[in-house]
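What follows is a single structure, written as structure tokens, with notes after it.
Here the structure is a predicted model, which is why all the values come from computation and not from measurement.
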Amino acid sequence: MSGLPKLLMIAGAVLLVAGLLLQFTKLGKLPGDIVVKKENATFYFPLMTSVLLSVILSLVFYFIGRIK
């Protein structure tokens, strides 16, 4: 397999796993996420979820870089 098809297959597998994890976990409703509900509007800012995903992705890319 050349580069692009392999990259697309890996990206698809990562998205599939991420979708399954989001479906069955409370990622997105963590303590620290900001939710402001007013009369007819809701503001949602997933602060803690963003921090957690940043740390996880940083570790994943660090280990991928160490392997290559």
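The other residues sharing a hydrophobic cluster with I10 are V14, where clustering joins ILVMFWY side chains under 4.5 Å apart. By the 4.5 Å side-chain criterion applied to Ile, Leu, Val, Met, Phe, Trp and Tyr, L47 is assigned to a cluster that also includes I34, V36, F43, F45.
In this structure, I64 CD1 and L59 CG are separated by 11.0 Å, a value rounded to the nearest 0.5 Å. Note: L20 CG to L15 CG = 11.0 Å, rounded to the nearest 0.5 Å.
Here the side chain of S54 pairs no donor or acceptor atom with the backbone of S50 at under 3.5 angstrom.
Taking hydrophobic clusters as Ile, Leu, Val, Met, Phe, Trp and Tyr residues chained together by side-chain heavy-atom distances below 4.5 Å, L52 shares a cluster with M48.
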